[in-house]
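Shown next, in structure tokens, is the structure this report addresses.
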Amino acid sequence: MALIGVTDLRLVSVTEVAPPLSPQADEGVAWGVRATIDYGIDGFQTAPRSFTLDLSLKAAKGVPGTAVLVDSTPVDRPQPWDLTGLQVLRSTQSLVLGVGPEALLDDVRRRADEARGRVAGVWGAAVPSVIIVPSTTADAARLLGVDP
């Protein structure tokens, strides 16, 4: 998230989805929550994006007020930073988040910069673009929240 330039990370809501379970032996209390989070990408977004995670938490036995995140699962679809091997290439006009050879991703960034210039030439202005380049059709489908 830091490489992407995620900013304004804000917890919007938290809902309990699995009530606290009594500890077993030396384990602490465990429970589950669903958290909705907003974020922006520095220089590339004017409105926040949202994602929702199911979080598994565990409290240390005998230590009130402490919790440790033990698991995190996207509810509807993963975010780009969930892609294994993600690389981030940035210019002032384009942000490429992708998996694959750096030369390919740099070519995508270069083409996006050129396209932005052409759009600005026709429309008078163009906004910076965020381009996601998954390595497989299955990864693309997961990011879109659809079946491959």
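Because the structure is a prediction, the values reported are computed rather than measured. No hydrogens, no waters, no symmetry mates; every other heavy atom, side chains included, goes into these values. For this chain, numbers begin at 1 and follow the sequence in order.
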Rounded distance [0.5 Å steps], [atom1] in [X] versus [atom2] in [Y]:
X: Leu89; Y: Ile131; atom1: CG; atom2: CD1; result: 10.5 Å
X: Met1; Y: Thr7; atom1: CE; atom2: OG1; result: 9.5 Å
X: Leu69; Y: Leu53; atom1: CG; atom2: CG; result: 9.0 Å
X: Ile37; Y: Asp8; atom1: CD1; atom2: CG; result: 13.5 Å

Report, one line per pair, each donor and acceptor closer than 3.5 Å where one atom sits in a side chain of residues 113-128; sequence neighbours left out.
from, atom 1, to, atom 2, distance (Å)
Asp113, OD1, Ser91, OG, 2.8
Asp113, OD1, Ser94, OG, 2.5
Asp113, OD2, Ser91, OG, 3.1
Asp113, OD2, Arg109, NH1, 2.9
Glu114, OE2, Arg110, NH1, 2.9
Arg116, NE, Ala126, O, 3.3
Arg116, NH2, Ala126, O, 2.6

Restricting to pairs with a member in residues 72-113, which pass ring pair (Phe, Tyr, Trp, His ring centres under 6.0 Å), not counting sequence neighbours?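 Applying ring pair (Phe, Tyr, Trp, His ring centres under 6.0 Å) to every pair that reaches into residues 72-113, excluding sequence neighbours, yields Tyr39-Trp81, Phe51-Trp81.
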
Suppose we screen for side-chain contact (heavy atoms from CB on, under 4.5 Å). Which residues come up paired with Val99, at least two apart in sequence or across chains?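 Listed in chain order: Leu83, Ser135.
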
side-chain contact (heavy atoms from CB on, under 4.5 Å) partners of Thr52, counting only residues at least two apart: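 If we apply the side-chain contact (heavy atoms from CB on, under 4.5 Å) test to Thr52, skipping adjacent residues, the hits are Arg34, Thr36, Val75.
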
Quick one: do [X] and [Y] end up in the same hydrophobic cluster if we chain Ile, Leu, Val, Met, Phe, Trp and Tyr together by side-chain heavy atoms under 4.5 Å apart?
X: Val33; Y: Leu9; result: yes
X: Val6; Y: Phe44; result: yes
X: Val17; Y: Leu55; result: no
X: Val130; Y: Ile4; result: yes

Show every salt bridge (charged side-chain N to carboxylate O under 4.0 Å, His left out) that has at least one partner inside [range], sequence neighbours left out.
range: residues 81-93; answer: none
range: residues 120-130; answer: none
range: residues 67-77; answer: none
range: residues 37-50; answer: Arg10-Asp38

Glu16 CD: over 12 foreign heavy atoms closer than 6.0 Å: yes

Looking at Gly100, is its backbone amide N or carbonyl O close enough to the side chain of Gln87 to form a donor-acceptor pair, meaning the two atoms are under 3.5 Å apart? yes

Under 3.5 Å, sequence neighbours excluded: what are the donor-acceptor pairs made by side chains of residues 139-148?
from, atom 1, to, atom 2, distance (Å)
Asp139, OD1, Arg142, NE, 3.4

Heavy-atom closest pair (Leu86 atom, Pro80 atom, distance to 0.1 Å) is CD2-O, 3.6 Å

Minimum heavy-atom distance Trp31-Ala18, with the two atoms named: CB-O, 3.3 Å

